[in-house]
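Chain identifiers are assigned alphabetically (A, B, ...) following the order of the sequence lines, protein sequences preceding nucleic acid strands; residue numbering begins at 1 within each chain.
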Number of protein chains: 2
Amino acid sequence: MVTLYDVAKSAGVSPKTVSRVMNGDGPVGKATRESVEAAMQALGYVPSSAARALRSAKSGLIGVVSGAISYTDDNPLLAGLPEIYILRGIQDVLDEKRLTVLLTDTGGRADAAPRLLHTLAQHRVDGTIYVAPYHQQVDLPPPTSVAAPLVVANGFADDATSAVVPDDYTGQRALVDGLIARGHRRIAYLQLPHALLATQHRTRAYQDAHRAAGLPLDPALVIVADRIDGDAEARTATLQHAIEALLATSPLPTAICCGNDRMALAVYGMLRARGLRIPDDISVAGYDDYRLISETLYPALTTVALPYREIGRQAARLLTEPKAEPRRICVPGPVHWRESVATIA
Amino acid sequence: MVTLYDVAKSAGVSPKTVSRVMNGDGPVGKATRESVEAAMQALGYVPSSAARALRSAKSGLIGVVSGAISYTDDNPLLAGLPEIYILRGIQDVLDEKRLTVLLTDTGGRADAAPRLLHTLAQHRVDGTIYVAPYHQQVDLPPPTSVAAPLVVANGFADDATSAVVPDDYTGQRALVDGLIARGHRRIAYLQLPHALLATQHRTRAYQDAHRAAGLPLDPALVIVADRIDGDAEARTATLQHAIEALLATSPLPTAICCGNDRMALAVYGMLRARGLRIPDDISVAGYDDYRLISETLYPALTTVALPYREIGRQAARLLTEPKAEPRRICVPGPVHWRESVATIA
DNA sequence: TCGGCTTATGACACCGATGTCATGACACCG
DNA sequence: CGGTGTCATGACATCGGTGTCATAAGCCGA
């Protein structure tokens, strides 16, 4: 490997001068600079960040702990994509700051985190972003000797740890407000399991929207329609029952809010199997703006975007532009109104 | 930061002995080992991989160059998930070998690759995996001074570079063979754009399957039904035309193979809008086994799995268990037969 | 009993950068 | 003309580990 010493020798200067050329600290004569740059070019010199990190205690690495990649396989409730977008957002910011992502994966087991943080510590990351698979409170291992700052994305830990989470309340509220504004009065809500924080926030938003509009809340219209455990078949059955219960109410709801786009996709099929047209007979909305589904479905699906990329960006900024005190940021996502929702005259 | 010297002092031994305890080279007395381990524990010592890398020229890092994360947004033809699964496969193997992924992203622009490889070189990665967004030939920058071995996953470069690609031919062939075995005689094929290598391989497989069964090839049944450029609307229109053309043939096809699951999803909607039942009136198959779609669709979609995770594994193995000569590995994926395909009596 | 071998350990240089301090050459100012 | 900055550059120590070699103790067989 070509080292800085080789460059120095080739350019006929001292190693320190080469260092100055690279880092721009200290003054360097024009002629010297040019000969050094020529030598670097000619030799194909690539500086060693290991050596640099050793001396300067800055690795230029940001550790990311994620379960995304694993969850895609194992936990069908989670699409896996969220963390991908979050990762993209992180990279957006880190690219500008010339930092590189050191990626570690929990393999779906949260108890792998201590090991991963230890690995990151070995590499002396300048900071760590812990990406939660979905909006939740996460248990972090005690901040042992790992002094590097830590931010949680898509979840939160404790008051001492900065975090960035999606604003589930605002998203669902905007959706239901919009449905009401479009003339809907009986709006069903097929919830994800209550265990999810997102469900709690969104349910509150659903209720508040009704109250704000002076509409009654019919408990028959709010049904849990998915489950965390169980295979695809069991989950389909759960949804099936929910739809049947819904279609047994009277008068029928004019709109159905689904816990996510995946559920909306299944709902399309089930409603059609019963001869209902979307949106003529009944409107359908999702959540996530999982574009692969929302844009491809016919008619295209109205849904609330989850601002994952922005969550990643915010998390990276929080980490690299350290403020005095820990912060918690709530990022709202817009509603994408598409053809699956009709306006009632 | 606690260093190895602190541990040595605390345990009353020389630094080298601490090193030996950690790495297991050279003999260490039982009592000595225990006191060193106790000291490491007590002080919360975390070795510096920078220092280690500097001395031993092994960083314990594997660089990954990917466009996945970006493509998810920009190129709607690609789901973005492929690289996620590939990444997961890579991690499967690297975890065992105690290697860590240094992740860099092209941001969707292939010309970013040289810069990324330079970054990886700075970190002295022990090897690099270049993940192509879809099965294609990629242009790699000249292997300058970056001597670390390189493997391409989900694509290939030149004969001097090891690569792992999906076996598109075998997958499509198994699907069409299976359809024929189930009594289908008029099988339509809605292709992805011809520019994709996958399309070329799969088309050949479609044709070979017909020839092998002694079935005629009707050109009216093979239609390009997607496009690389254009927005969601334009792509829907392209598909719409293809479906119309298909339904104008006589006799009607009894099965439709779609270029991917996303297309199949749209096809479901279009066929139903025309009053056709799946699979009673017509069978539908996809490609990718994008489970979010294939398992959620009603009826569940028959599709060919793309073995992304295995591709990642193979690539990582190729990289970390270096063979003498470069290799190209072709990984087949199984057909998942689900309810969207009927057997014709 | 002594040479030779193994085991356990330490001294020291070195990997490739950068921080600190020193030095020589000018330019400027009074 | 001497004092004092600024500019350009180099010498040298240092970051935290590991490779090499030396050394001392213990054990064995001849």
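For A:D25 and D:dA8, the CG to C1' distance is 13 Å, given to the nearest whole Å. Atom CG of A:L54 is separated from atom P of D:dT18 by 12 Å (rounded to the nearest Å). The nearest whole Å value for the distance from the CG atom in A:L4 to the C1' atom in C:dG19 is 14 Å. A:D6 has its CG atom 13 Å from the C1' atom of C:dA17, to the nearest Å. As rounded to whole Å, 6 Å separates atom P of C:dA17 from atom CE of A:M22. Between the CZ atom of A:R33 and the P atom of D:dT9 there is a distance of 9 Å, given to the nearest Å. Straight-line distance from the OH atom of A:Y5 to the P atom of C:dG16: 9 Å, rounded to whole Å.
Residue B:V13 is classed as a sugar-phosphate contact, given heavy-atom separations below 4.0 Å to backbone atoms only.
Distance from the side chain of B:S14 is smallest to C:dG10 among D:dT18, D:dG17, C:dG10. Closest to the side chain of A:R55, out of D:dG10, D:dA13, C:dA8, is D:dA13. Closest contact between the side chain of A:N23 and the listed nucleotides C:dG10, C:dG16, C:dT18 involves C:dT18. Nearest nucleotide to the A:S48 side chain, out of C:dG16, D:dT9, C:dT9: C:dG16.
Side-chain N/O atoms of B:R20 and base N/O atoms of C:dG10 include a donor-acceptor pair closer than 3.5 Å. Under 3.5 Å, the side chain of A:R52 and the base of C:dT18 form no donor-acceptor pair of N or O atoms. Judged by distance alone with a 3.5 Å cut-off, no donor-acceptor contact links the side chain of B:K16 to the base of D:dG17.
Salt-bridge check for B:K97 with B:E321: passed, with a basic side-chain N closer than 4.0 Å to an acidic carboxylate O.
Pairing for C:dT7 goes to D:dA24, judged as Watson-Crick or G-U wobble with the two contacts each under 3.5 Å. Figure legend. C:dC28 is base-paired to D:dG3; pairs are counted as Watson-Crick or G-U wobble with both atom distances under 3.5 Å.
If you check the side chains of A:E310 and A:Q314, you find a donor sitting under 3.5 Å from an acceptor.
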Check the pair A:E96, A:R313 against salt bridge (charged side-chain N to carboxylate O under 4.0 Å, His left out), reporting the backbone distance first and the verdict last.
CA-CA 11 Å; A:E96 287 172 18; A:R313 286 202 190 102; over 6 Å; no
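Judged by distance alone, with hydrogens and angles left aside, the side-chain atoms of A:T106 form no donor-acceptor pair with the main-chain N or O of A:A112 at under 3.5 Å.
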